[in-house]
Amino acid sequence: MSSRGRGLLFIVSAPSGTGKTTVVERLVDLMPHLKKSCSYTSRPAREGEADGVDYHFISRERFEAMVAVDEFLEWADVFGNLYGTSASDTERLLAAGSDVVLVIDVQGARKVRQRGIENVAVFVMPPSADVLERRLRGRSKDSEEQIQRRLAVSHREVAAYAEYDYVIVNDELGACVDRLKGIVLAERATLKAMRAEVEGIVRTFEP
Ligand code: 5GP
């Protein structure tokens, strides 16, 4: 473990199209010691996505084999594809003193909670259903059928906001990044997070 002590585990969830990945990527660029977890998925890479950067892209068979040996901290079926967070990758980062952010869906966040794993969970809300629909159409990555499916799922997902510790509205990207940064800084300053470091400081005052 580094002098920073063990890192904190953050979860960020939001309906598809809310812009959560962009928000988290901006934040990670701004904050040393904060790492975005790279999930495993059975979905094929989209244009512009790189293996090992956006996701670890693997076959459904390999994913199922990883489930069988309990390699995932959590995993879920989202829109017919499998997505999961590696338990060992996450543990390695936390043990090295990095804070880790999981960008995962509502089902995944529930599984982390059910397993009793300590975490700070943030829900990113789109400003309204209309804005979300416009964003999904604007990014033109999806077919009409996929857009309708994502919108239907988003109705269920926004209803889960009360399961989270913090909620932020992504009305403007810069403001949303600032709010998320504020949450990370505040969580790093709690007595619990600071105790190991502060005890070291207090010892320097001992005669
Ligand atoms: P996309 O295919 O658009 O990249 O992601 C679809 C959904 O899967 C998003 O809501 C994203 O947050 C979620 N997701 C990505 N990685 C994981 C993961 O490791 N676990 C879970 N539960 N959801 C994930």
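Heads up: numbering here begins at 1 and tracks the sequence. Note that ligands are numbered from 1 as they come in the structure, with each ligand's atoms numbered from 1 the same way. The model shown is predicted, which means the values in this text are computed figures rather than measured ones.
Within ligand 1, the atoms closer than 4.0 Å to a non-hydrogen atom of Ala76 are 22 (N), numbered from 1 in the order shown. Within ligand 1, counting atoms from 1 as listed, the ones closer than 4.0 Å to a heavy atom of Gly108 are 22 (N). The contact set between ligand 1 and Arg43, taken as ligand atoms under 4.0 Å from a residue heavy atom, comprises 1 (P), 2 (O), 4 (O). Close contacts of ligand 1 with Thr85, meaning ligand atoms under 4.0 Å from a residue heavy atom, involve 19 (O).
Salt bridge absent: Glu133 and Arg150 never bring a charged side-chain N and a carboxylate O closer than 4.0 Å. Of the charged side-chain nitrogens involved, none lies within less than 4.0 Å of a carboxylate oxygen, so that Lys20 and Glu25 do not count as a salt-bridged pair. In this structure, Glu118 does not pair ionically with Arg113, as no charged nitrogen and carboxylate oxygen lie closer than 4.0 Å. The pair Arg92-Asp89 meets the salt-bridge criterion, with a side-chain N (NZ, NE, NH1 or NH2) lying under 4.0 Å from an Asp/Glu carboxylate O. For the pair Arg6 and Glu91, the salt-bridge criterion is met [side-chain N within less than 4.0 Å of a carboxylate O].
In this structure, the protein non-hydrogen atom closest to atom 4 (O) of ligand 1 is Tyr55 OH, 2.5 Å. Here the protein heavy atom with the shortest distance to atom 2 (O) of ligand 1 is Tyr83 OH, 2.4 Å. For atom 23 (N) of ligand 1, the closest heavy atom belonging to the protein is Asp105 N, 3.2 Å.
The aromatic ring centres of Phe72 and Phe63 sit less than 6.0 Å apart.
Taking the side chain as every heavy atom from C-beta outward, Asp105 and Ser13 never approach each other to under 4.5 Å.
Judged by distance alone, with hydrogens and angles left aside, the side-chain atoms of Thr90 form a donor-acceptor pair with the main-chain N or O of Ser86 at under 3.5 Å. With hydrogens and angles disregarded, no donor-acceptor distance shorter than 3.5 Å links the side chain of Arg135 to the backbone of Gly19. Checking side-chain atoms of Glu187 against main-chain N and O of Val184 turns up no donor-acceptor pair under 3.5 Å.
Only the side chain of Arg46 comes within 4.0 Å of ligand 1, judged by heavy-atom distances. Under 4.0 angstrom from ligand 1, there are no non-hydrogen atoms of Gln107. Looking at Lys111 against ligand 1, nothing comes within 4.0 Å, counting heavy atoms.
In this structure, Tyr40 does not count as a contact residue of ligand 1, since none of its heavy atoms falls inside 4.0 Å of the ligand. Heavy atoms of Lys20 approach ligand 1 to within less than 4.0 angstrom. In this structure, Gly84 has a heavy atom closer than 4.0 Å to ligand 1.
Counting only non-hydrogen atoms, the option in Ile104, Val78, Val112 that gets closest to atom 7 (C) of ligand 1 is Val78.
The shortest N or O to N or O distance between Trp75 and ligand 1 is not below 3.5 Å. In terms of N/O distances under 3.5 Å, ligand 1 is not approached by Glu49.
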